[in-house]
Q: 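This is the structure I have questions about; it appears just below.
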Amino acid sequence: MENLVFNYFMPTKILFGPGSLDRLKDENLPGKKALIVISAGTSMKKYGYLDRLTAIYVALANTLAGFVESTSSCTSEHSMEHALSAFYPDLPHGAGLIMLSEAYHTFFASKVPQKYVQLAKAMGVDVDSLPEDERPFAFVKAMKKLQEECGVGNLKMSDYGIEEDEIEKLADNAIKTMGGLFEVDPYKLSFEETVQIMKNAYK
């Protein structure tokens, strides 16, 4: 063991005791897997602490997303989805966004690659280790992986009765009723490109 040489650095902050869950909202948690819950038995589940912890962070994620939407704007993906839900009201808005997301962001990653490199980094992807032409699309892969882990990776328009031959009508509705969101996109979509994105998203 005399040749064993290494550096070990693992900073850890422990919150322990009554009220710890309530203090989590004030903690800065860097990285995508920064929170570890340790329990000596079944008490975390038995007394509902695990469910409560999950609810806290889902609520926080929703709140932060609301801040972003309120202080900036949505993009044309929301226009496209509102057209879907307008004609098929049983389709939840979030589900429709998921259905469109892979095709939509794959298209935009090819048009504004540097923005998508930044998004990939925000998702925790080590983009510097990837070939340069793959870096923008790393966000799309990370997004799809997250969707699959959440059990929503295989949502289909056809499951809600949407027909592929309706896509042009839906794209036209998206532009005519919510065209303002197309104006804030980082790339100006044409009608034909909008149709193609929605067709690529169709399953």
Q: Got a donor-acceptor contact below 3.5 angstrom from the Y116 side chain to the V140 backbone?
A: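 Not confirmed, Y116 side chain does not pair with V140 backbone.
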
Q: Less than 4.5 Å apart, side chain to side chain, heavy atoms only: is that true for P186 and K111?
A: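 P186 vs K111: side chains apart.
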
Q: Could you measure the distance from the CG atom of N200 to the CD atom of Q196? Nearest 0.5 Å is fine.
A: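 With rounding to 0.5 Å, CG (N200) is 4.5 Å from CD (Q196).
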
Q: According to the interplanar angle, ranging from 0 to 90°, do the rings of H82 and H93 count as parallel (below 30°), tilted (30 to 60°) or perpendicular (above 60°)?
A: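 Parallel.
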
Q: Under 3.5 Å, is there a donor-acceptor pair between the side chain of S158 and the main chain of K203?
A: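 Yes, S158 side chain to K203 backbone: donor-acceptor pair under 3.5 Å.
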
Q: Can you tell me if K176 has over 12 outside heavy atoms packed within less than 6.0 Å of its NZ?
A: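 Atom NZ in K176 is not packed in, count stays at 12 or less.
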
Q: Answer yes or no: is there a side-chain heavy-atom contact under 4.5 Å between F182 and T194?
A: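 With C-beta onward as the side chain, the pair touches.
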
Q: Check whether any side-chain heavy atom of D172 sits under 4.5 Å from a side-chain heavy atom of K169, and report yes or no.
A: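 The answer is no, as the side chains (C-beta and beyond) never meet within the 4.5 Å cut-off.
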
Q: If Ile, Leu, Val, Met, Phe, Trp and Tyr residues are connected whenever their side-chain heavy atoms lie under 4.5 Å apart, and connections chain through other members, are F87 and F191 in the same group?
A: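 In one cluster: yes.
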
Q: Is there a side-chain contact between K145 and M123, using heavy atoms and a 4.5 Å cut-off?
A: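 The answer is no; the side chains never approach within 4.5 Å.
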
Q: With no hydrogens and no angle check, is any side-chain donor or acceptor of D185 less than 3.5 Å from a backbone partner on S76?
A: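 Yes: the side chain of D185 pairs with the backbone of S76.
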
Q: Pair K156, N154 - check side chain to side chain contact (heavy atoms under 4.5 Å, CB included), show working.
A: CA-CA 6 Å; K156 301 175 184 177; N154 198 36; 3.8 Å; yes

Q: Does L170 share a hydrophobic cluster with M157, counting links as ILVMFWY side-chain heavy atoms below 4.5 Å and allowing steps through other members?
A: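 Both belong to a single hydrophobic cluster.
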
Q: With the side chain counted from C-beta on, respond yes when I175 and S79 share a heavy-atom pair under 4.5 Å apart, and no when they do not.
A: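 Side chain of I175 against side chain of S79, heavy atoms only: no contact under 4.5 Å found.
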
Q: Would you compute the distance between atom CE of M99 and atom CD of E77 and round it to the nearest 0.5 angstrom?
A: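 Going from CE on M99 over to CD on E77, the span is 12.0 Å.
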
Q: So Y104 and T75, do their side chains get closer than 4.5 Å, heavy atoms only?
A: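 Result yes, sub-4.5 Å side-chain heavy-atom pair found.
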
Q: Between E132 and R135, does at least one N-O distance fall below 4.0 Å, as a salt bridge requires?
A: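 No, this pair does not count.
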
Q: If you look at every heavy atom in P89 and A86, which pair is closest and at what distance?
A: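 Minimum heavy-atom separation between P89 and A86: CD-O, 4.2 Å.
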
Q: Please tell me if the side chains of L84 and M80 come closer than 4.5 Å, counting only heavy atoms from C-beta onward.
A: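 When only atoms from C-beta onward are counted, M80 and L84 do not touch, as no gap falls below 4.5 Å.
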
Q: Minimum heavy-atom separation for P136 and A109, please, with both atom names.
A: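 In this case the closest contact between P136 and A109 is CB-O, 3.7 Å.
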
Q: In terms of hydrophobic clustering (I, L, V, M, F, W, Y; side-chain heavy atoms under 4.5 Å; direct or indirect links), are I197 and L91 co-clustered?
A: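 Hydrophobic grouping puts I197 with L91.
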
Q: Applying a strict under-4.5 Å side-chain criterion to I, L, V, M, F, W and Y, I'd like to know whether F107 and M178 cluster together.
A: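 In one cluster with F107: M178, no.
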
Q: Does the side chain to side chain contact (heavy atoms under 4.5 Å, CB included) test come out yes or no for E193 and Y187, once each step is laid out?
A: CA-CA 11 Å; E193 288 169 331; Y187 168 86; 2.8 Å; yes

Q: Supply the atom-to-atom distance L155 CG to Q147 CD, rounded to the nearest 0.5 angstrom.
A: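 Between atom CG of L155 and atom CD of Q147 there are 8.0 Å.
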
Q: Is there a donor-acceptor pair under 3.5 Å between the side chain of E166 and the backbone N or O of E163?
A: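 Pair found, side chain donor or acceptor close to backbone of E163.
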
Q: Quick one about T106 and E102 (side-chain donor to acceptor, distance below 3.5 Å, no hydrogens or angles considered), yes or no?
A: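 Distance-only check fails for E102 and T106.
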
Q: First locate atom CE of M198, then atom CD of E168, and finally report the distance between them rounded to the nearest 0.5 Å.
A: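 Interatomic distance, M198 CE to E168 CD, rounded to 0.5 Å: 11.0 Å.
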
Q: Can you confirm whether or not the ring centre of Y88 sits under 6.0 Å from the ring centre of Y160?
A: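 No, too far apart.
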
Q: In Å and rounded to the nearest 0.5 Å, what is the CZ to CG distance from F67 to N62?
A: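 These two atoms lie 11.5 Å from each other.
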
Q: Are V112 and F137 co-members of a hydrophobic cluster defined by side-chain heavy atoms under 4.5 Å apart?
A: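 Shared cluster, no.
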
Q: Taking K144 for the side chain and G153 for the main chain, is one N or O donor matched with an acceptor at less than 3.5 Å?
A: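 Indeed, once roles are kept as given, a pair shorter than 3.5 Å links the two residues.
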
